[in-house]
There are 2 protein chains.
Amino acid sequence: MRTTIREVAREAGVSPSTVSRALSMPGLVNSVTRERVLRAAQRLGYEPNRAARGLITGKTGNLGLIVPDLANPFFPSLVKGVQARAREADYAVFLADSDEDPAAESDLVRVLAKQVDGLILCSPRGREEDILTLAATTTLVMVNRRFGRVPSVVFDNSDGIGQAVAHLAALGHKRVGWVGGPRASWSDRDRIRALRAATAAAGMDLYVAGHFPPQFEGGVAAADLIVAAGVTSVIAYNDVMALGLLGRLRDRGLRVPQDISVIGIDDIQMSSMSSPTLTTVSLAKEQAGRAAVDLLLSLLERPDGVRKPRRELPTQLLVRGSTGVAPTD
Amino acid sequence: MRTTIREVAREAGVSPSTVSRALSMPGLVNSVTRERVLRAAQRLGYEPNRAARGLITGKTGNLGLIVPDLANPFFPSLVKGVQARAREADYAVFLADSDEDPAAESDLVRVLAKQVDGLILCSPRGREEDILTLAATTTLVMVNRRFGRVPSVVFDNSDGIGQAVAHLAALGHKRVGWVGGPRASWSDRDRIRALRAATAAAGMDLYVAGHFPPQFEGGVAAADLIVAAGVTSVIAYNDVMALGLLGRLRDRGLRVPQDISVIGIDDIQMSSMSSPTLTTVSLAKEQAGRAAVDLLLSLLERPDGVRKPRRELPTQLLVRGSTGVAPTD
DNA sequence: ATGAAAGCGCTAACAG
DNA sequence: CTGTTAGCGCTTTCAT
C-alpha cells in the first residue's frame, strides 16, 4: 500500500492537516514543523494521492487532448508541445485519437471531460453546435479552428500564404493552383480565403482544384487537374498532399521546379527529405501545443478574466527545392 | 455540479447503494428496480466519478503509455493501437513523451505510476536495472524490448529479416550491407543478430556499416560507407534511415534498384510514398499496441497467473520498388 | 433484495 | 500556528 498522509503525520508527530498544509501551503506552517514534516514525507516516500485530493478540491491535475488522427504528421508535434508544457505545469495529459470519427469524438469527450480540468480539442470538422454545448460544460481550447467565443489557438494562415504568394510572384509566376483539403475543415476555408486575397492583390490568376482528402493520395489525385489547368505553380493544403503532388508530377514526366513550382503547408519532417525538398509554410506546431496549454491554464485560473482567449501563432515560409522561376514559354 | 449517485438514488426512490449495485453488479439487484435506476441515471446523465470510485476500489481505470519520441513515425501507430484497445476496455490513456531523455523518463514514470493501473513502456535504451525496479512496484509491459521476466511485446525480427534476406538472395544478391540504429537499442541488437544468422545461412557476405542515429540523417550519413563497401543491397534499421539512404544514393548518382537494392524496416506511411517506393519489413504496429494493452489487462486481472507474459508479433516483407535483381557486372 | 453506516485519502472550515 | 471535525462521491460490509 502506498504511504498515506496519516502515516506521515504520525512519523512527524503532527496532525494530518498540518502535513497537508506543509505540502500545499507552506506559508501557513511554522518553518521548523514544516521541515520535520517534509523530512518525514521524504523518508516515507510519500506522494499525495491525486484522486483523493481531487475529490475534495474538484481539480484533477489532468488535461485532456483529443486529436482526429495521430497518423497525420501534423499532430505528433502538437502533442509533444502539449505534453511538454503540461508537464512543466505539473499536469498529466490524457490523449485520445478520434480516428476522424465525430461520433467517437463525442464519446471521448464525454468520458474524458469527467477526469480532467480542461480539454484541448482538435476537431476540424465536428459540428459547431456540439462544440458549443461542450464548451458550456467544460473549460476547453480549440486548436486549428475558430468560431464564436470559444477559446482557440490557430495559425496565422494569411501571413504564411501571403509569404508563399509573394515568393511565387517574385519568381515570375502568374498562375497559381490550389489543392484543397476537406471541404468542412476550418483551416481549409481560412487558407483559401487568404489565398484568394493574396493572389488578387498580386494580380495573379488562381485555379482551385477543389477538395481532396488531406492525404498523400489526395495530392496524387489532384495532380492531373493541376497539370490540365496549365498553372506554373501550386500550393497544397498541407505537406502530405504536396508530397503526393510531387510524386504524381514526377510520374507524369514534369520536372519540379523547372516546369512547375510546388508549395506545401505544415513543414512536416518529410518535407525536408523529399526530392526535391519541399518549399513549405512552416507552422510552429509544438509552440501551438504549448500555447494551447497556456491558454487553458489561464482560463482555469480566472474563468472569465481572460479578455481575449485567442492565440494566433506565426507562420514562416521555408524556401526549399520545389520552387523556382516560372517557365518562360 | 455533476450529478452524483445520491441524486440518482433520490430520483429512482432507492438508496445510493442500490444505485451502485445496479450499475456495477446488476445481478444483485431486482430487475425491476434495476430498470428504474438505470432510467433515472440515464435521465440525469449520470456518470460515476472515477476518482471517487478509485479511492475505494484502488483501481483508476487508467493506463499509462510512455514513448521516447512521438516524432518518430513508428510511435503514432503504436499509440493509436493502444488507444483503440484501451477505449474498448473502458480505460483512458495517459500519454507521455520522454523526448529520448532517460531522466525525464524516470520522472514521468514516477508521476504516472500513481495514477494508473498499469504502464506500457517503450524505453529502448533505459537501464535494465531501473526498469526492473519499476516493474517490482507497478504492473508494466515493455514494448520493443525484452529481458528478464518483464512482460513484453516485441516483433519477430528474425522472421522479417529472414524474409528480407531470402528476397535479396532470390534476386541474386551476394553482398548485403546493414545500416544500424542506436548501439544501445534492443531492437538493433536483435535485428543484427537475426541478420547475421540469415546471411550466414544463405551464404551471403554481410557488411555492417555501424551505428547511426535512427533518423533520416543517419541514413544519409551511412550511404557513403555503403557505397564504398561495394555491396549490391542494403538493409536499414528502420524506414526513416532507409529513406535517408535513398536520398543520398540518388544524390550520388546511383540508381535504386538498378545499382543497389534498399530495404527498410517498419513500413511507415512515407515508405509507400517515396520514389522509388521502399521495400520494407512491415511491423504490425497498431496490433502491437493492442497486444500490449491486452497483456497488461490480463496481468491486472490475475497478477501472477499469466504463464508467459510475452507476445511476439508477426512481420511481413513488403516488396516494392527499391529492390531488384542484383547488378551483373 | 435493499438500506444504513463506515470509510477510501485528502483538504477545508472551524476552533483554539 | 495547529488540531479536530466534517465530508468530497463512491463502494462495501453488515444488517435486515
Side-chain angles (χ1 to χ4, degrees), chain A residues 1-41 44-62 90 92 110-117 137 300, chain B residues 1-41 44-62 90 92 111 113-117:
Chain A
M1 206 56 214
R2 284 177 47 189
T3 54
T4 107
I5 201 172
R6 273 218 247 292
E7 313 178 39
V8 179
R10 192 173 335 125
E11 175 86 6
V14 297
S15 80
S17 358
T18 302
V19 176
S20 175
R21 287 191 198 99
L23 263 42
S24 311
M25 347 176 63
L28 296 186
V29 161
N30 180 301
S31 60
V32 181
T33 336
R34 188 191 328 140
E35 263 317 305
R36 193 147 35 95
V37 169
L38 292 183
R39 269 210 309 284
L44 271 50
Y46 171 72
E47 290 266 1
N49 178 328
R50 286 185 168 220
R53 173 183 292 175
L55 202 52
I56 178 156
T57 62
K59 309 235 149 283
T60 61
N62 299 326
D90 206 28
R110 198 147 4 102
V111 174
L112 277 193
K114 317 284 176 184
Q115 314 189 55
V116 301
D117 297 335
T137 336
L300 288 172
Chain B
M1 207 56 215
R2 283 179 47 188
T3 54
T4 106
I5 201 172
R6 274 217 245 292
E7 312 178 40
V8 179
R10 192 174 333 125
E11 176 86 6
V14 297
S15 79
S17 353
T18 303
V19 176
S20 174
R21 289 191 196 101
L23 264 41
S24 311
M25 345 176 63
L28 297 185
V29 161
N30 179 301
S31 59
V32 181
T33 335
R34 190 195 322 144
E35 264 316 307
R36 194 146 36 96
V37 170
L38 292 182
R39 269 210 309 283
L44 270 49
Y46 171 72
E47 291 265 2
N49 179 327
R50 287 184 167 220
R53 173 182 291 176
L55 202 52
I56 178 156
T57 61
K59 308 235 151 283
T60 61
N62 299 143
D90 205 29
V111 174
K114 317 283 176 186
Q115 313 189 57
V116 301
D117 296 336

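Just so it is clear: chains get the letters A, B, ... in the order the sequence lines come, proteins before strands, and each one is counted from 1.
- Rounded to whole angstrom, the span from the CZ atom of B:R50 across to the P atom of D:dC10 amounts to 13 Å.
- Separating the CE atom of A:M25 from the C1' atom of C:dA13 is a distance of 12 Å, rounded to the nearest angstrom.
- Nearest heavy-atom pair, A:A40 versus A:E11, reported as atom, atom and distance to 0.1 Å: CB-CG, 3.6 Å.
- Looking at every heavy atom in both residues, B:A92 comes nearest to B:R50 through N-NH1, 4.4 Å.
- For the pairing with B:M25, the side chain to side chain contact (heavy atoms under 4.5 Å, CB included) check across B:L23, B:V29, B:L28 returns one residue only, B:L28.
- Nearest-nucleotide assignment on DNA chain C puts the 5′-proximal partner with B:R36, out of B:A52 and B:R36.
- The terminal axes of the helix from C:dA1-D:dT16 to C:dG16-D:dC1, fitted over 5 pairs per end, subtend an angle of 40° to the nearest 10°.
- Closest approach to the B:N49 side chain among C:dT2, C:dC10, D:dG9 is made by D:dG9 (side chain taken as heavy atoms from C-beta onward).
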Problem - Residue pair B:T18, B:T33: steps toward the side chain to side chain contact (heavy atoms under 4.5 Å, CB included) verdict - result: CA-CA 9 Å; B:T18 303; B:T33 335; 4.3 Å; yes

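- Here the nucleotide nearest the side chain of B:I56, chosen from C:dG3, D:dT2, D:dT11, is D:dT11.
- Distance, A:L44 CG to C:dG9 P: 14 Å, rounded to whole Å.
- Closest heavy-atom contact between B:A12 and B:R36: O-NH1, 2.6 Å.
- Close to C:dA12, at under 4.0 Å from its OP1 or OP2, lies no side-chain N or O of A:S20.
- Nearest to the side chain of B:R21, among D:dT11, C:dG3, C:dC10, sits C:dG3.
- Scanning all heavy atoms of the two residues, the minimum distance from A:D117 to A:L300 falls at O-CD2, 3.2 Å.
- The side chain of B:S17 approaches C:dA5 more closely than any other nucleotide in the set D:dT2, C:dC10, C:dA5.
- We find that CG of A:L55 is positioned 18 Å from P of D:dA6, with the value rounded to whole Å.
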Problem - Stepwise side chain to side chain contact (heavy atoms under 4.5 Å, CB included) test for A:V14 and A:V37 - result: CA-CA 8 Å; A:V14 297; A:V37 169; 3.9 Å; yes

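- Of the side-chain N and O atoms in A:R6, one or more sit less than 4.0 angstrom from OP1 or OP2 of C:dC8.
- Which of C:dT2, D:dC10, D:dT4 sits closest to the side chain of A:S15 comes down to D:dT4.
- The nearest whole Å value for the distance from the NZ atom in B:K59 to the C1' atom in D:dC10 is 16 Å.
- The interatomic distance linking A:L28 (CG) with D:dG3 (P) rounds to 14 Å, in whole Å.
- Contact annotation: B:T33 side-chain N/O to C:dT2 OP1/OP2 distance is under 4.0 Å.
- The nearest pair of heavy atoms linking B:A52 to A:L55 is CB-CD1, 3.6 Å.
- Going from atom CZ of A:R10 over to atom P of D:dG3 covers 14 Å, rounded to whole Å.
- One atom, CD1 of B:I5, and another, C1' of D:dT12, lie 12 Å apart when rounded to the nearest Å.
- Contact annotation: B:T4 side-chain N/O to D:dC10 OP1/OP2 distance is under 4.0 Å.
- Out of D:dT11, D:dG3, C:dT11, the shortest distance to the side chain of A:S24 is found at C:dT11.
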